[in-house]
Structures are given as structure tokens and as C-alpha cells.
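Notes follow the structure.
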2 protein chains.
Amino acid sequence: MVTFIFVTIWLPNFMRRDVFQAIADPIRRDIISLLAKEMLTVNAIAENFDISRPAVSKHLKILRECGIITINKQGREQLCQIEPKNLVPAFLWIDQYRELWEQKLDSFEAYLNDLQSKTQENGKNKSNK
Amino acid sequence: MVTFIFVTIWLPNFMRRDVFQAIADPIRRDIISLLAKEMLTVNAIAENFDISRPAVSKHLKILRECGIITINKQGREQLCQIEPKNLVPAFLWIDQYRELWEQKLDSFEAYLNDLQSKTQENGKNKSNK
DNA sequence: TATAAACGTAACCATTTGGTTACACAAATA
DNA sequence: TATTTGTGTAACCAAATGGTTACGTTTATA
């Protein structure tokens, strides 16, 4: 006899979180920008925003779950540090389309050049008339 | 007499939408990836996903509002086209931290090299003993 | 001309998000 | 030792998100 057991796995939210979600929020992007300059405690980060400290704590939790920051306990303070390499996946994703937009921008420049040369030719014709 | 008039401006949601929000959703990233290869109609895009066509329409609306795609009406079909240059702001934001992670990766490599050379020296010492 | 196809959108729903206040607790300080 | 400081988290809430079905409209086709 063969028995099949079906299991529904409940995936907690933070498992579904990724770097794209992390940088989707402007406050989290600002936190990243702050930590890019220096390590900061939770309170020092919170001073830069109008939202409550617990709200900042939540953002930090998300950033930590995505690996974008690490937190070191120093006495009663929590020192937050950026882990920039974990931004790389997002960078690579966008970077794969770089060729696409550069190509488009090239053709835009080509279009501009073309336009310019045609205008010059027009000018020539006019002056020749 | 001076009169002050205070006006509260109601900002509709889509005004707050930006490219970071656009690429936060995995389905929207997949749509971008599809459109990077070729122009597609709405139905053609929807065929690639398990969600309903109206759900895809909503995603396309968001992508269009962020300028990441443009839509051209061709008879009764809507041809979607990627506008890759509007990914550039997101690229530039992440790119500003590139130096940071490259520096970190360099020091990681340096750390690895250091470790390796030390191990080799250890080996030397052992063989010299 | 009646029907089918290719959409957009309204109305609705459950879940997620991002904020708040209140509270607990460990570590520093008086 | 009592108090203050730094922080995490629970409980709660409104709004946003992402999905659905139902329906309307325009365009192509039988």
C-alpha cells in the first residue's frame, strides 16, 4: 500500500522578503544611506525620521531579515552596520537591462545626430538656393 | 491684513509610486523580463502567469504609471513595450553603493589571500621543523 | 449584423504594510 | 539599590496591496 501525505507548509512573511522589498520603502532607503556613511545605534537612526522609534525598529528588522544590515550589541545599545554586498542581487537584476537602455540611449543619440545632420543639410540647401 | 490659507493636498496613491515599488513585486519583475525580449499584448503576457488577466492588467497599470512600460493600441490589442531607461534611477541608487560593496569584497579577497599565505607559511614552518 | 475577442475597470475581499501606544527587560547610572 | 536609558515586541489600527468575479466597451470576425 502506498500512502500519500500532503503537507501544507506555512511560510512566514519574512521568508518571502527579499532585497527588492527592502529597498521599496523610502525610509528604508534612507536608513541604508545613513548607514553607508557610518555605523549607528537604533536611537541615532531614529533621530533622523519623524516616525516613532518602534517604527524604525520594524524597518531595521526587515533590513536585518534581508541581510542588508547586521546588528551588534554594545552594552545596551544596538550598533547597526550596513552589509552592502547583499544589495548586489538587486544590482545584478537591474544591471541585466543596462544593455537595453544603453542601446536605446545610443539610438536616441543616433537619432539626434541624424536630425542634426539633416537640419544642416536643409540649411545647405537653403543657402544654395 | 494678511490672510493665510492652508490647503491640504490629497496625493493619490499612484503619485507616490516609483520604480522601486514597481520592481518590488516578483510578477512585475517577470513582466519586465518578458518585455525585455519582445513587445507583447496584454493577453500574451497574462498567458505566462497563473493569476487572472485583470490581475495582470493591474500590474501593467502600475508599470505604466511608473513609466517602465508604454502601451500602444493596435486594433483591439494593447501592445506593451518596455521603456528601459526608466529603470535607470533605481540602477543609479543601488550603484552609489557599489564602491562600498566592492571595497568590502576586495578586503574579503585580501583577507582570503592573507589567510592563504599564512597557511602556506605554516606549511613551510612545518616542513622546516 | 450577431458574436467573439481583447481588453479596462468596478466592486469586493483577505492579507500585508506601516504606523501607533503601552509595556517589558537588560544595562548603565545616580 | 532605585532610576534612567536603549531597545524589542505585543496589540491594535488604517490604508495599501494583490487577488478575484462581473461587467462594459471597442474592434474583429462569422
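Here is how names work: the chains are called A, B, and so on, in the same order as the sequence lines, proteins then strands, and each is numbered from 1.
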Got a donor-acceptor contact below 3.5 angstrom from the [X] side chain to the [Y] backbone?
| X | Y | result |
| --- | --- | --- |
| B:Arg98 | B:Leu92 | no |
| B:Arg29 | B:Ala24 | yes |
| A:Arg28 | A:Ala22 | yes |
| A:Arg53 | A:Ala46 | no |
| A:Asn86 | A:Gly67 | yes |
| B:Asn48 | B:Ala44 | yes |

Candidate nucleotides [options], ranked by approach to the side chain of [X] - the nearest:
| X | options | value |
| --- | --- | --- |
| B:Ile51 | C:dT20, D:dG19, D:dT7 | D:dG19 |
| B:Arg76 | D:dA28, D:dT20, C:dG18 | D:dA28 |
| B:Ser57 | C:dT9, D:dG19, D:dG18 | C:dT9 |

Between D:dT17 and B:Gln21, is there an OP1 or OP2 to side-chain N/O distance shorter than 4.0 Å?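 So the side-chain polar atoms of B:Gln21 do come within 4.0 Å of the phosphate oxygens OP1 or OP2 of D:dT17, strictly under.
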Phosphate OP1/OP2 of D:dG19 contacted by B:His59 side-chain N/O (<4.0 Å):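 The answer is yes; a side-chain N or O of B:His59 sits under 4.0 Å from OP1 or OP2.
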For residues 67-98 of chain A, pull every pair meeting ring-ring contact (aromatic ring centres under 6.0 Å, His included), keeping only residues two or more places apart or in separate chains.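 Residue pairs passing ring-ring contact (aromatic ring centres under 6.0 Å, His included), neighbours aside: A:Phe20-A:Trp93, A:Phe91-B:Phe91, A:Phe91-B:Trp101, A:Trp93-A:Tyr97.
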Residues from residues 25-43 of chain B lying under 4.0 Å of DNA chain D - heavy atoms: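 Contacts with DNA chain D under 4.0 Å: B:Asp25, B:Ile27, B:Arg28.
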Could you go through nucleotides 21-25 of chain C and list every protein N or O atom that sits under 3.5 Å from one of its N or O atoms, giving the distance for each pair?
none

Within this structure, what is the [atom1]-to-[atom2] distance between [X] and [N], rounded to whole angstrom?
| X | N | atom1 | atom2 | result |
| --- | --- | --- | --- | --- |
| A:Phe20 | D:dG18 | CZ | P | 15 Å |
| B:Glu77 | C:dA4 | CD | P | 18 Å |
| A:Leu63 | C:dG18 | CG | P | 11 Å |
| A:Lys61 | D:dT7 | NZ | C1' | 13 Å |
| B:Gln78 | C:dA5 | CD | P | 18 Å |
| B:Gln74 | C:dA6 | CD | C1' | 13 Å |
| A:Ile71 | D:dG6 | CD1 | P | 16 Å |
| A:Leu60 | D:dG6 | CG | P | 16 Å |

For residues A:Ile32 and A:Phe49: do they belong to one hydrophobic cluster (side chain heavy atoms under 4.5 Å, members Ile, Leu, Val, Met, Phe, Trp, Tyr)?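 Yes, same cluster.
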Looking only at side-chain N and O atoms, does A:Thr70 offer a donor or acceptor that is under 3.5 Å from a partner on A:Glu83?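 A pair is found: one side chain offers a donor N or O, the other an acceptor, under 3.5 Å apart.
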Has the side chain of B:Lys58 got a donor or acceptor atom sitting under 3.5 Å from an opposite partner on the base of D:dG19?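 Yes, a donor-acceptor pair under 3.5 Å.
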Residue mapping more 5' on DNA chain C - nearest nucleotide basis, A:Asp50 or A:Lys73: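 Its nearest nucleotide being more 5', the pick is A:Asp50.
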Take atom CG of B:Asn72 as the centre, draw a 6.0 Å sphere, and report whether it contains more than 12 heavy atoms from other residues, nucleotides or ligands.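 Result for CG/B:Asn72: enclosed.
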